[in-house]
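From a predicted model like this one, the values you see are computed outputs, not experimental measurements. Residue numbers begin at 1 in each chain, while the letters A, B, ... track the order of the sequences.
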Amino acid sequence: DGGITQSPKYLFRKEGQNVTLSCEQNLNHDAMYWYRQDPGQGLRLIYYSQIVNDFQKGDIAEGYSVSREKKESFPLTVTSAQKNPTAFYLCASSAPGQGARGYTFGSGTRLTVV
Amino acid sequence: AQSVAQPEDQVNVAEGNPLTVKCTYSVSGNPYLFWYVQYPNRGLQFLLKYITGDNLVKGSYGFEAEFNKSQTSFHLKKPSALVSDSALYFCAVRGAPGAGSYQLTFGKGTKLSVIP
């Protein structure tokens, strides 16, 4: 079955470390997105990519970086510059030409700073 | 710019009673509207959508939503709530193709608690 796989499910980071969250999809979707979710704040867009080798900052891109070298993959790196990285991170994908289908979401990665 | 408002952070309802989770939107042109549900530590799951046609849309798990163009609303409803319906619900909107961004804009979510 097609879908989006996020890994790991839980991730612990020490102060000053960079960590990378994986997001892979086999839906043949062109667009991919990263969201951060904090209690009571809904979903906040970090980065998005509409096509391979291209991506744009979302509303809260500071302290994060992404790459889109393959259509299937959109990894998110949480850098040491992100001062409060503890959150639940969600990856999503969509096919722009099929907007009626909305987004497909992964199951999320919970990142905790220790 | 498009936007979504979910005016209630939390909705409490007794099991067996009808439930409503409210959503209003703002978008240029005709809207594409969606409801998603999120269980703890999980991703968002699609519930239902309105694209065109009948204003009453039926979706998964017995949920339905009513599109009201004049009130720019898309409230989620269920005739009889179950304890297992307790979750976080998100409303989302985008404009029709050609109306600008194809990206979805999400509301902040409403936590639904169904009390046994």
Side-chain angles (χ1 to χ4, degrees), chain A residues 2-11 21 23-25 27 29-51 55-60 87-112, chain B residues 1-10 21 23 27-53 57 59-60 65 67 74 87-111:
Chain A
I4 296 183
T5 301
Q6 289 188 242
S7 61
K9 188 171 178 65
Y10 299 95
L11 186 58
L21 284 58
C23 178
E24 303 276 336
Q25 54 100 356
L27 299 164
H29 285 173
D30 288 313
M32 297 186 74
Y33 312 84
W34 274 107
Y35 289 91
R36 171 177 171 144
Q37 187 176 22
D38 296 281
Q41 296 197 41
L43 303 177
R44 293 188 288 170
L45 183 63
I46 304 172
Y47 269 97
Y48 64 100
S49 168
Q50 299 179 34
I51 196 170
F55 48 83
Q56 286 79 41
K57 294 181 179 180
D59 301 320
I60 57 164
F88 191 56
Y89 291 86
L90 286 164
C91 180
S93 71
S94 71
Q98 299 174 25
R101 298 190 182 182
Y103 288 5
T104 301
F105 283 85
S107 57
T109 293
R110 184 164 296 281
L111 174 62
T112 304
Chain B
Q2 55 196 42
S3 64
V4 176
Q6 293 182 241
E8 302 153 317
D9 291 336
Q10 177 146 358
V21 182
C23 172
V27 70
S28 298
N30 294 322
Y32 284 10
L33 293 155
F34 301 83
W35 275 102
Y36 290 85
V37 61
Q38 184 183 32
Y39 298 99
N41 292 313
R42 302 297 298 273
L44 275 66
Q45 299 176 30
F46 171 80
L47 267 183
L48 51 78
K49 65 183 179 185
Y50 172 83
I51 304 301
T52 187
V57 178
S60 307
F67 171 63
F74 189 55
L88 189 57
Y89 290 82
F90 289 94
C91 182
V93 70
R94 59 150 287 181
S101 172
Y102 60 84
Q103 291 185 38
L104 287 181
T105 297
F106 290 87
K108 289 194 171 185
T110 298
K111 183 178 179 181

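Scanning both residues, A/His29 and A/Thr104, for their nearest heavy atoms gives CE1-OG1, 4.0 Å. Scanning all heavy atoms of the two residues, the minimum distance from A/Phe88 to A/Gly108 falls at CZ-CA, 3.6 Å. Considering every non-hydrogen atom in both B/Cys23 and B/Trp35, the closest pair reads CB-CZ2, 3.4 Å.
Ring geometry, B/Tyr32 versus B/Phe34: the interplanar angle exceeds 60°, so the pair is classed perpendicular (tilted spans 30 to 60°).
When heavy atoms are compared at a cutoff of 4.5 Å, B/Tyr50 does not approach chain A at all. Contact of A/Gln37 with chain B is made through the side chain alone, with heavy-atom distances under 4.5 Å. Heavy-atom distances place no part of B/Gln6 under 4.5 Å from chain A, backbone and side chain included. Proximity to chain B (any heavy atom under 4.5 Å) is shown, for A/Ile4, by neither the backbone nor the side chain.
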